[in-house]
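For reference, the structure is listed below as structure tokens.
Residues: numbered from 1 along the sequence shown.
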Amino acid sequence: MKLFRILKIEKARQDKVYDIEHLKNCNEFWDTQPNLIAEGMTIANCGRHAGGIYIGVNALDQMPLIVAGKGDKRNFQTPFSEGVNIRELEELGFLKFDILGVGTLKIVENTIKRILKKEGISYPTHSQVREWHRKYLHPDAIDMDDQNVYKNVFWDEKYCTIFQFAEKDAKRLMKEIKPNCFNDIVASISINRPGPMSLNVNKDYINNKSNPDKIQYKHPLLKDCLSDSHGTMLYQEQLQLIYHKLAGVPLDDTDGVRKSFTKKDVSNKEKAAKERDELKIDFLKRCKDTNGIPEETSSEIFEFMQKLVQYTFNRSHAAAYAALTYQCAFLQTYHTDEWVASCLDHASTEKGKAVGKEDPKAVTIKEAKSLGYVLSKGDINKSSKTFVVENNEIIPSFASLKYVGKTVVDEIERFRPYKIAEDLLINQSGTWRHSKFNKRALSTLISLEALDSLDLVGEGKQFKHYKQLHHVLIENYDLLKRTSARKKNNDVRAVLKKLIEESIDMPDWSTEEKMAMQQELAGSVDFSLIVPEEVQEELYKEGIVTIDNWTPDSKCWAVVSSVALATTKTGKPYLKLKLFGESMKEHMCMIWNYKGTGKGLKQNDVVVAEFTGKTDFGFSTFPNKIQKINKDQWLS
């Protein structure tokens, strides 16, 4: 059951939640709906539409509510369903809206703000953002036939958070269509759904677009109705137009016909079927009376409509989606840095995340890399509250780091640039430098190796590695701070020098320790710690994909998480591996017919495999189809 949020009209009464008894007595209207509410009704396993809003006058008096969530996430919801199979709100006369694409609109707004900042407006106002949108991005102002946009994004499959094109199937379809006009985007959004794809509408559209002279219409008047979609029926409005052109029904009267054709209410199947039978008789008669169309022809046209109309899309809906899609593609083409940075910022927040799906930040970074960007580490002198994207470099923001809040970043930006280790602690006079940029925040930046611009760490430099830097500055932080506060013997620089000398032989953190710190402090792991970028690039050139992108005909690579020897029910040994790719999502793999001691595999080894299949239990393969690679040899 899908539930809809209530638009809070009477704020003073928004905490009042009515029970069923109130519902049954609040309005005579409910007396006409005896089957709507059962006595003592309970609701189990309910969900909520992401952008469903019910709008009404005195909503809290007219609608029973349930409460979902707690604290700041507390929401009022209707107990009624409004979906594909069951429609209750509309039947009861309530007005509801599905407001979609809000996240993308926020990305567009932030992109425009970045563009305005680049043009010299330090703090863009909402009215300035709207004015820029009106002048350069509004559908009335933008060139919707810019072939550079179509080729750069859709032909070359270069997508970074383009609205409606997150999934591979949508991208593949668009590459096959090779769009060169706005109508092609509208069509692809309408086609890329299970119904039309199962009927091969995609193939019909592509073939007809490539061979316009070979399109055959069952009646010449159909060309006026279907020419915009190359002879294929994609939109509900086309059904209405067919009724208008062929059967002579006034356009104002065709919406009822559309509803009869597209009804999917499972509780009224028989009624809907009977209505369509009556519609067919009426359609055949009207076509003959209006245009002299033989019943045999009009019957074929009706069957054609009935076959496809269940899966047709609302064209105005698809066009609105397509407009936003094109705007995203336009911004990516002509304001790439600003667009990519805004996409990354959105993906790094809670609003950009979806439960049960791959980490959106990792996905967006992968998409940005496909556009030619290189991901660098966060850096004390370069990072800000938001992602910085310039000169083909992505500099992560401080926003998602533990213990590095807004006030810390404000202070860091005020004291930048940091040039030497002492700058992290004291002023030139020797007094303690920071109040907000404290021990915990500095510990985070050191643990995440975010001080490379100071050129402090490495062979032959002031610190041998970041663990030594962390030991000197963090584990002795209180000592250094007390030293700076003394009236005598307050030379922090001398204490620093001594601490560095005493810790010169300290070993570095292990890869596992670095990964654990990154996961705890940044919420994600730098995958290049395990598989260097150069190795990933070489694997990609060889056509070997990460296990996250496995297809039945692909060879892929993965990292070993764990290795265990197991036996089948019949006592045959097999090797059970846990593998992961760039997304850090674990995949189970069984190596059958195993005879050995583990192929020498251990945690964090990189393997290349040809999997013989995949089930709910994981991947399967055989010993001769999986091998460990030597990362150094691979590069040589």
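In this structure, Y326 has its ring center under 6.0 Å from that of Y150. F165 and F154 have their aromatic ring centers within a separation under 6.0 angstrom.
The nearest pair of heavy atoms linking T336 to T333 is OG1-O, 3.6 Å. Taking each heavy atom of P396 and S383 in turn, the nearest pair found is O-OG, 2.7 Å. Across all their heavy atoms, T232 and D204 have their closest contact at CG2-CB, 3.7 Å. Closest approach of I547 to G581, counting heavy atoms only: CG2-N, 3.6 Å. S122 and K117 make their closest contact through O-CE, 3.6 Å (heavy atoms, listed as atom of the first residue, atom of the second, distance). When every heavy atom of E157 is checked against every heavy atom of R172, the shortest pair comes out as OE2-N, 4.2 Å.
Not one N or O on the side chain of T386 forms a donor-acceptor pair closer than 3.5 Å with the backbone of D345. In this structure, K209 contributes its side chain and K178 its backbone to a donor-acceptor pair below 3.5 Å. Remark: side-chain polar atoms of R258 are not paired, donor with acceptor, to backbone N or O of L239 under 3.5 angstrom. In this structure, the side chain of S554 does not engage the main chain of W550 through any donor-acceptor pair within 3.5 Å. A donor-acceptor pair under 3.5 Å is formed between the side chain of S376 and the backbone N or O of I394. Under a 3.5 Å cut-off, the side chain of T254 and the backbone N or O of V257 do not form any donor-acceptor pair. Distance alone, capped at 3.5 Å, places no donor-acceptor pair between the K385 side chain and the V409 backbone. With Q164 contributing its side chain and I162 its backbone, the two residues share no donor-acceptor pair below 3.5 Å. Panel note: side chain N192, backbone S188; no donor-acceptor pair is recorded below 3.5 Å. A donor-acceptor contact shorter than 3.5 Å links the side chain of N208 to the backbone of H230.
Annotation: side chain of Y205 is in contact with side chain of L234 (closest heavy-atom distance under 4.5 Å). Using a 4.5 Å cut-off on side-chain heavy atoms (C-beta onward), W557 and Q536 make contact. The shortest distance between side-chain heavy atoms of F398 and S384 does not fall below 4.5 Å. At least one side-chain heavy atom of I412 sits less than 4.5 Å from a side-chain heavy atom of L445. In this structure, D337 and Y373 have side chains that are in contact, with non-hydrogen atoms separated by less than 4.5 Å. Annotation: side chain of D548 is in contact with side chain of H587 (closest heavy-atom distance under 4.5 Å). Side-chain contact between F580 and I530 is present, with heavy atoms from C-beta onward closer than 4.5 Å. The shortest side-chain heavy-atom distance between S190 and R315 does not fall under the 4.5 Å cut-off.
Interatomic distance, CG of L251 versus NE2 of H244, reported as 4.0 Å (0.5 Å rounding). Note that OG of S397 and NZ of K382 are 15.5 Å apart. Values are rounded to the nearest 0.5 Å. To the nearest 0.5 angstrom, I191 atom CD1 is 15.5 Å from Y311 atom OH. Taking CE from M197 and CG from N202, the interatomic distance works out to 4.0 Å, rounded to the nearest 0.5 Å.
Between D410 and R414, no side-chain nitrogen of the basic residue sits less than 4.0 Å from a carboxylate oxygen of the acidic one, so the salt-bridge criterion is not met. Here D452 pairs with K377 in a salt bridge; the nearest charged N to carboxylate O distance falls below 4.0 Å.
Surrounding CZ of F182 are more than 12 heavy atoms belonging to other residues, nucleotides or ligands, all under 6.0 Å away. Residue-environment remark: CZ (R416) exceeds the threshold of 12 foreign heavy atoms within 6.0 Å.
For the side-chain hydrogen bond (donor to acceptor under 3.5 Å, both in side chains) test with E338, the passing option among K118, K113, Q332, R114 is K118; the others fail.
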Could you give me the CA-CA distance, side-chain angles and deciding distance for S229 and Q238, then say whether side chain to side chain donor-acceptor pair (under 3.5 Å) is met?
CA-CA 10 Å; S229 54; Q238 289 175 321; 2.8 Å; yes
Go through I121 and Q128 one step at a time and tell me if the side chain to side chain contact (heavy atoms under 4.5 Å, CB included) criterion holds.
CA-CA 9 Å; I121 301 173; Q128 288 171 322; 3.6 Å; yes
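Taking the six-membered ring where the residue is Trp, H317 and Y321 present perpendicular rings, their angle passing 60° and hence far from 30°.
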